[in-house]
Amino acid sequence: MLDRNFVRANLDFVRKRLSTRGGDYSIEELVSVDAELKKIVLRSDDLRRQRNEASEEIGRLRKSGQDTSVRQSQVKEISNEIKSLEETSRSLEEKLNSILHGIPNLPHETVPAGSDEAANAEVRRWGTAPHFDFAPLDHVDLGTALGILDLDRAAKIAGTRFSLLRAAGALMERALINFMLEVHVTQHGYTEVLPPFVANSTSLFGTGNLPKFATDLFRLEGTDYYLIPTAEVPVTNIYQNEILEGETLPQKFVAYTPCFRSEAGSYGKDTRGLIRQHQFNKVELVKFAHPDKSYEELEALTRDAEEILQRLGLHYRVVVLCTGDMGFSSAKTYDIEVWLPSQNRFREISSCSNFEAFQARRAGIRFRGADGKRQFVHTLNGSGLAIGRTWLAILENYQQRDGSVVIPQALRPYMRGLEVLRK
RNA sequence: GGAGAGGUGUCCGAGUGGUUUAAGGAGCACGCUUGGAAAGCGUGUGUAGGGGCAACCUUACCGGGGGUUCGAAUCCCCCCCUCUCCGCCA
C-alpha cells in the first residue's frame, strides 16, 4: 500500500513509476476522493467539537437544576448531521481503500523498465552446466525409475499437482530442509521460526496477497483461514501492529513451511513433474530492516540464498526482474534461476524481494528511530530455497548414464552418508 | 464444543452515564539536592489525523465492530483474543 500523503504530494512521479508496471491505476480518482474525504472529516470534526462542548454544558446546567431540553434537541440535531456525514465518509473511505489496496508498489529506480520477462536483466552467473555424453532424462523419468517419486499415486490421493516421495526421495527432501536451515542459522545468522501453516485474512492483507489475489489461495471453507502460499505470510506478520526498537534492526528469520497455491490460471503450464505443485516445501528468509539499509540487506539476502546452490554445486544465474514482471508488493526483485538440463534452460528456484514500506504499512509494522520517531520498517524476503525445485535440480544435474544420481557432498551428512541414489 | 472470569497508556492498576483533561503507582527523561550515588522533592512523559511560524488549539482512540443517549471506558448486541474448569482429542 502506498502512502496517501506521498501520492498526493508526488502525483506525477507516482503516475510515471506506476506506468512502467503496466495496467491502469486510478490515481486521479484516488486524489479526488481523498480531497473530498478530507473536507468531510474537517466538517464532522468541527461538529464533534460543538457536540462535546454542548454536552458538557448540559451536564453543568443539570447540576445546577436548570432546564436543558432546548439545548438537548440542538445537540440531537448536530449528532444527526454527524451521523449522516459518517455514512458519507465511510463510503468514501471504502472507495479510497479499494483503489489504494489495488495499487502495486512503486518499482525502485534501479529496476529495468519492461513489460514482461524478456526485459529481465541477468546480473551474474555461477558455475557451469553439466556436460552429458548421453541423453539426460528429466526428473520425472529419473525419480520414477529410482522408485523415489510416485506422481500417479499422489494423483489418486489428492489430485494432479501433488506428489508422493518415497524412501531416499523423502529422505532427500527432508535433508534439503535441514541442510538449508542449518546453513542459514549457523552461517548467516538467521533465527529459525516454525510458524502456523494457516493464516487469517488480516495477515494475508498485510503481505499483499489479499484482496487482489484471493483466487491464488486455498481457503478453508466456512472460515477465515487460508493455507499459506509461502512462509512470507506468517513470518512477516510476526510483528503485525507492533513498534520495534530501532536497535533491534535488522531482524532476520528463516522458516521451513509447506506452501499451498491454487495455481488457478496456470492450467497449461508446467503440467509435468514437480516444477509447479499445489503443495511444495520451501525454506524462506525474511528480514525486517531499517529503511536506509534495506537495499544492502536485499543484496545480502540474495547472496545467502545463492550460497545454498553453490554448496550444492548447482549452476545458476541471478536476474533482476523488470518493472512489468515483478510481484504486486515488491519494489525490487532478484530471481535466482537454476540450470535444468531437461529443459536446457534456467528456471526460477528463488525470488528475493525488497518490499520497502509497502507491506509494513499494510501490516502496521514500525520501529522507533534514534530520534524517537516512529516509522515503517522495510520488509524483505526470499526463498532460501524452494525445496522441490532443488530436489529435481539435483536429480537432473547429478544424473549418470545408468540412471543413478550422485548426491552432492554437502547433503550427505544429512542423508546417513548416502552417496548415490540407485534402484 | 459447554460454563465462568478477564482484555484500560511502556508496565501494573483504579474507574458502572457528566470537572476523566483516563485517578494512583512503577518505569523513563530532565531538574533540584549530593563529594559521587541512592533515597527524597519537582516537572514532564501514549497513538493517529487536522489547523497554526510557534507556544498551542482540535478530532478520534480504553480488544474489534454496531447500537442506546444531549453525552459512553462505563449501558445493550455481535465478534476476536487470553485465563480457569469440564468434555473431546494427538
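Sequence lines set the chain letters: A, B, ... in the order given, protein chains first and strands last, and positions in each chain run from 1.
In this entry B:rA90 has no Watson-Crick or G-U wobble partner, no candidate having both defining distances under 3.5 Å. The partner of B:rU43, taking Watson-Crick or G-U wobble pairs whose two distances both stay under 3.5 Å, is B:rA29. Checking B:rU82 for Watson-Crick or G-U wobble geometry (two distances, each under 3.5 Å) identifies B:rA5 as its partner. Across all strands shown, B:rA37 forms no Watson-Crick or G-U wobble pair with both key distances under 3.5 Å. Nucleotide B:rC62 forms a pair with no other nucleotide shown, judged by Watson-Crick or G-U wobble geometry with both contacts under 3.5 Å. For B:rU69, there is no paired nucleotide, since no Watson-Crick or G-U wobble pair has both relevant distances below 3.5 Å. Nucleotide B:rC53 forms no Watson-Crick or G-U wobble pair with any nucleotide shown, as no partner meets the under 3.5 Å limit on both distances. The base-pairing partner of B:rA22, taking Watson-Crick or G-U wobble contacts with both distances under 3.5 Å, does not exist among the strands shown.
Taking atom C1' in both B:rC62 and B:rG7, one finds a spacing of 10 Å when rounded to whole Å. Rounded to whole Å, the C1' atom of B:rA48 lies 38 Å from the corresponding atom of B:rG40. Of the P atoms belonging to B:rA3 and B:rG87, the separation is 15 Å, rounded to the nearest Å. Using atom P as the reference point in both B:rG9 and B:rG67, the two lie 25 Å apart (nearest Å). Straight-line distance between the P atoms of B:rU8 and B:rG64: roughly 10 Å, to the nearest whole Å. Rounded to the nearest Å, the gap between the P atom of B:rC61 and that of B:rG71 is 13 Å. Using P as the reference atom, B:rA38 and B:rA26 are 16 Å apart when rounded to the nearest Å. Atom name P, nucleotides B:rA22 and B:rA60: the rounded distance is 12 Å, in whole Å.
Here the closest non-hydrogen pair linking A:Ser262 and A:Leu217 is OG-N, 4.0 Å.
Rounded to whole angstrom, the span from the CD atom of A:Glu245 across to the C1' atom of B:rG27 amounts to 14 Å. Rounded to a whole Å, the CD atom of A:Gln375 is 14 Å from the P atom of B:rU47. The nearest whole Å value for the distance from the CD atom in A:Gln50 to the P atom in B:rU58 is 14 Å. Following rounding to the nearest Å, A:Leu61 (CG) and B:rC70 (P) show an atom-to-atom distance of 16 Å. Spacing between atom CG of A:Asp3 and atom C1' of B:rA48 amounts to 13 Å, rounded to whole angstrom units.
A salt bridge does not link A:Arg90 with A:Glu86: every distance from a Lys NZ or Arg NE/NH1/NH2 to an Asp or Glu carboxylate oxygen is 4.0 Å or more. Classification of A:Lys282 and A:Glu284 as a salt-bridged pair holds, one side-chain N sitting under 4.0 Å from a carboxylate O.
Less than 4.0 Å separates RNA chain B from no heavy atom of any residue of residues 231-238 of chain A.
With sequence neighbours left out, A:Glu221 forms a salt bridge (Lys or Arg N to Asp or Glu O under 4.0 Å) with no residue at all. Scored by the side-chain hydrogen bond (donor to acceptor under 3.5 Å, both in side chains) test, A:Gln343 finds A:Arg347 as partners (sequence neighbours excluded). Checked against side chain to side chain contact (heavy atoms under 4.5 Å, CB included), A:Glu56 has the following partners two or more places apart in sequence or in another chain: A:Arg60. Applying the side chain to side chain contact (heavy atoms under 4.5 Å, CB included) test to A:Ser115 and every residue at least two apart in sequence or in another chain returns nothing. Shown here are the side chain to side chain contact (heavy atoms under 4.5 Å, CB included) partners of A:Thr248, two or more places apart in sequence or in another chain: A:Leu244, A:Glu245, A:Gln251.
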Might you list the N or O atoms of the protein lying below 3.5 Å from N or O atoms in nucleotides 18-21 of chain B, with each pair's distance?
{"residue": "B:rG18", "atom": "O6", "partner": "A:Arg62", "partner atom": "NH1", "Å": "3.0"}
{"residue": "B:rG18", "atom": "N2", "partner": "A:Ser55", "partner atom": "O", "Å": "2.7"}

Polar atoms only, N or O, under 3.5 Å: list the protein pairs with nucleotides 76-83 of chain B and their distances.
none

Nucleotide N/O of nucleotides 9-12 of chain B paired with protein N/O under 3.5 Å:
none

Between the protein and nucleotides 61-69 of chain B, list every N/O to N/O distance that falls short of 3.5 Å.
{"residue": "B:rU68", "atom": "OP2", "partner": "A:Lys83", "partner atom": "NZ", "Å": "3.2"}

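For A:Gln399 (side chain) and A:Leu137 (main-chain N/O), a donor-acceptor pair under 3.5 Å exists by modelled atom type. With A:Asn200 contributing its side chain and A:Ser203 its backbone, the two residues share a donor-acceptor pair below 3.5 Å.
Around CZ of A:Arg272, the count of heavy atoms belonging to other residues, nucleotides or ligands within 6.0 Å exceeds 12. Atom CD of A:Glu242 is surrounded by more than 12 heavy atoms from other residues, nucleotides or ligands within 6.0 Å.
For the pair A:Arg48 and B:rU58, the criterion of a side-chain N or O lying under 4.0 Å from OP1 or OP2 is not met. Phosphate proximity of B:rG49 to A:Arg4: absent, as no side-chain N or O sits under 4.0 Å from OP1 or OP2.
Taking the centre of each ring, A:Tyr226 and A:Phe218 stay at or above the 6.0 Å mark. Ring to ring, A:His101 and A:Phe205 are close: their centroids are under 6.0 angstrom apart.
As judged by a 4.0 angstrom heavy-atom cut-off over every strand, A:Arg43 is placed among residues making no nucleic acid contact. Note on A:Asn52: only backbone sugar-phosphate atoms sit closer than 4.0 angstrom, heavy atoms only; bases stay farther off. Contact annotation for A:Arg71: no contact, since no heavy-atom pair falls under 4.0 Å across all strands.
Checking B:rU59, B:rG50, B:rA48 against the side-chain heavy atoms of A:Arg366 singles out B:rA48 as nearest.
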Please set out all donor-acceptor pairs under 3.5 angstrom arising from side-chain atoms of residues 163-175 of chain A, sequence neighbours excluded.
{"residue": "A:Ser163", "atom": "OG", "partner": "A:Gln277", "partner atom": "OE1", "Å": "3.4"}
{"residue": "A:Glu173", "atom": "OE2", "partner": "A:Asn281", "partner atom": "ND2", "Å": "2.7"}

Taking distance alone, no hydrogens or angles, what donor-acceptor pairs closer than 3.5 Å link side-chain atoms of residues 349-359 of chain A to residues at least two apart or in another chain?
{"residue": "A:Ser350", "atom": "OG", "partner": "A:Ser383", "partner atom": "O", "Å": "2.6"}
{"residue": "A:Ser351", "atom": "OG", "partner": "A:Asp335", "partner atom": "OD1", "Å": "2.8"}
{"residue": "A:Ser353", "atom": "OG", "partner": "A:Thr333", "partner atom": "OG1", "Å": "2.8"}
{"residue": "A:Asn354", "atom": "OD1", "partner": "A:Glu356", "partner atom": "N", "Å": "2.8"}
{"residue": "A:Asn354", "atom": "ND2", "partner": "A:Ser294", "partner atom": "OG", "Å": "2.9"}
{"residue": "A:Glu356", "atom": "OE2", "partner": "A:Tyr295", "partner atom": "OH", "Å": "2.4"}
{"residue": "A:Gln359", "atom": "OE1", "partner": "A:Thr379", "partner atom": "OG1", "Å": "2.7"}
{"residue": "A:Gln359", "atom": "NE2", "partner": "A:Thr207", "partner atom": "O", "Å": "3.0"}
{"residue": "A:Gln359", "atom": "NE2", "partner": "A:Glu232", "partner atom": "OE2", "Å": "2.8"}

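Partner of A:Glu81 under the salt bridge (charged side-chain N to carboxylate O under 4.0 Å, His left out) criterion, chosen from A:Lys76, A:Arg51, A:Arg48, A:Arg43: A:Arg43.
Counted by atom type alone, A:Ser330 and A:Asn105 present zero donor-acceptor pairs between their side chains at under 3.5 Å.
For A:Ser73 and A:Val41, each mapped to the nucleotide of RNA chain B holding its nearest heavy atom, the one lying further toward the 5' end belongs to A:Val41. Each of A:Glu53 and A:Ser79 was assigned the nucleotide of RNA chain B with the nearest heavy atom; the assignment lying further toward the 5' end belongs to A:Glu53.
In this pair, A:His184 and A:Tyr190 present their aromatic rings perpendicular. The plane angle is above 60°, beyond the 30 to 60° band.
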